[in-house]
Amino acid sequence: MERRASLTVEASLILPVFLYAMLFLVYIGKLVICQDEVQWALTRIAREASAEYGAAHNNKLKSTLYYQTKFMAYMKGSGLTVSFADSQLLQHNDEIDLVVTYRMKLPFSIFVIPAVSMRQRVHTRAFTGVERREEKKKDDRIVYITETGRVYHVTAECTYLKLSISQIQYGDLGEKRNESGGKYKPCERCGGNKGREDKMPVWITSYGDRYHTSLSCSGLKRHIREIPLSEAGGRSPCGKCANEK
């Protein structure tokens, strides 16, 4: 009888502790779920406010009432009494710093503490538009260049590309002028005027500034290439055909 009475006393002492422990674990689980729901609601509100500010720059987004109303709509039925008083709304660098405080009641009083104070936070920046860095579009207009030329031509019909070769006597060079009014100088490729006789033949072009002692001189030939303008490098536009365009 004494043994049974002893077990009954021990059970009566342990059972309340066990029940309190189980109840406390259930409460902890409920607390974690509540925190997760609050964080979800805060995050959603912050994102919506950020997008709305980018679209309309509405001043109501600077009021805690806007966030509290939305929060209670998302947390309907939670029974929480919340405060956004510590929030910083669009005060520095268009930032939304949402801070919510609330209290959760304990299932039983611990050391005369009826509830636990909670504080959660979401920080984001308001959407203020998209800054696009548009890549500089490549100019793919077709231009024409020669192997040794320092300019590009906007048309293959440019007279600088189509050489008009004339044969004259060396002695007549002093009176000749090209289409730009310039005198003719000796070509660097086929030689200068040393030892030339007045009646020796030389070749000139209408728009060139060199005379040639050989018709086969590479300076009298044009190897024309067709390229996009974006590949013209440091070449400048032709003063004739570019201005005509």
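Since we're looking at a predicted model, the values are computed, not measured. Atoms considered below: every heavy atom in the structure, side chains included; atoms not considered: hydrogens, waters and symmetry mates. Sequence positions, counted from 1, serve as the residue numbers for this chain.
By the ring pair (Phe, Tyr, Trp, His ring centres under 6.0 Å) test, Tyr67 pairs with no residue at all, sequence neighbours left out. When the side-chain contact (heavy atoms from CB on, under 4.5 Å) test is applied to Glu37, the partners found at least two apart in sequence or on another chain are Ile33, Met75. Residues meeting the side-chain contact (heavy atoms from CB on, under 4.5 Å) test with Glu175, sequence neighbours left out: none. Considering only residues two or more places apart in sequence or on other chains, Tyr102 meets the ring pair (Phe, Tyr, Trp, His ring centres under 6.0 Å) condition with none of them. Under the side-chain contact (heavy atoms from CB on, under 4.5 Å) criterion, Asn178 pairs with Ser180, Tyr184, Asp209, sequence neighbours left out. Residues passing the side-chain contact (heavy atoms from CB on, under 4.5 Å) test with Lys60 are Glu52, Asn58, Tyr66, sequence neighbours excluded. Shown here are the salt bridge (charged side-chain N to carboxylate O under 4.0 Å, His left out) partners of Glu157, two or more places apart in sequence or in another chain: Lys162. Residues forming a salt bridge (charged side-chain N to carboxylate O under 4.0 Å, His left out) with Glu95 (at least two apart in sequence, or on another chain): none. Shown here are the salt bridge (charged side-chain N to carboxylate O under 4.0 Å, His left out) partners of Lys70, two or more places apart in sequence or in another chain: Glu48. Contacts of Arg47 classified as salt bridge (charged side-chain N to carboxylate O under 4.0 Å, His left out), with partners at least two apart in sequence or in another chain: none. Remark: Ser236 pairs with no residue by the side-chain hydrogen bond (donor to acceptor under 3.5 Å, both in side chains) rule, at least two apart or across chains.
Heavy-atom minimum distance, Cys34 versus Leu80: SG-CD1, 3.8 Å. The nearest pair of heavy atoms linking Cys158 to His153 is SG-ND1, 3.5 Å. Minimum heavy-atom separation, Cys217 to Cys187: SG-SG, 3.7 Å. Nearest heavy-atom pair, Tyr152 versus Ala232, reported as atom, atom and distance to 0.1 Å: CD2-CB, 4.1 Å.
Contact annotation: the side chain of Leu173 approaches that of Ile168 to within less than 4.5 Å [non-hydrogen atoms, C-beta and beyond]. Contact annotation: the side chain of Arg177 approaches that of Lys183 to within less than 4.5 Å [non-hydrogen atoms, C-beta and beyond]. Contact check for Arg121 versus Leu42: no side-chain heavy atoms found under the 4.5 Å cut-off. Residues Ile165 and His212 form no side-chain contact, since every pair of their non-hydrogen atoms from C-beta on lies 4.5 Å or further apart.
Taking OH from Tyr211 and OH from Tyr170, the interatomic distance works out to 4.0 Å, rounded to the nearest 0.5 Å. The OG1 atom of Thr213 sits 12.5 Å away from the CZ atom of Arg189 when rounded to the nearest 0.5 Å. Going from atom NZ of Lys62 over to atom OG1 of Thr64 covers 14.0 Å, rounded to the nearest 0.5 Å. Note that OG of Ser166 is 12.0 Å distant from CG of Asp172, once rounded to the nearest 0.5 Å. The CD1 atom of Ile224 lies 9.5 Å from the OH atom of Tyr144; values are rounded to the nearest 0.5 Å. Rounding to the nearest 0.5 Å places CD of Gln68 at 11.5 Å from CG of Leu98.
Under the side chain to side chain contact (heavy atoms under 4.5 Å, CB included) test applied with Val122, the options Thr43, Asp97, Ile45 reduce to a single match, Thr43.
Under a hydrophobic-cluster definition in which Ile, Leu, Val, Met, Phe, Trp and Tyr are linked whenever side-chain heavy atoms come within less than 4.5 Å, directly or via other members, Leu61 and Val99 are assigned to different clusters.
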**OP:** Please test Arg150 against Arg235 for side chain to side chain contact (heavy atoms under 4.5 Å, CB included), starting from the C-alpha separation and ending with a verdict.
**Re:** CA-CA 5 Å; Arg150 297 181 180 178; Arg235 293 180 175 86; 5.6 Å; no
Subject >> Test log, rule side chain to side chain contact (heavy atoms under 4.5 Å, CB included), inputs Met118 and Val38 >> reply: CA-CA 10 Å; Met118 306 295 293; Val38 168; over 6 Å; no
**OP:** Evaluate side chain to side chain contact (heavy atoms under 4.5 Å, CB included) for Thr146 paired with Val151, printing each intermediate quantity in order.
**Re:** CA-CA 8 Å; Thr146 60; Val151 300; over 6 Å; no
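For residues 72-81, no residue pair satisfies the salt bridge (Lys or Arg N to Asp or Glu O under 4.0 Å) rule, not counting sequence neighbours.
At distances below 3.5 Å, not a single donor-acceptor pair connects side-chain atoms of Thr124 with backbone N or O atoms of Ile96. Within the 3.5 Å criterion, the main-chain N or O of Leu65 finds a donor-acceptor partner in the side chain of Ser63.
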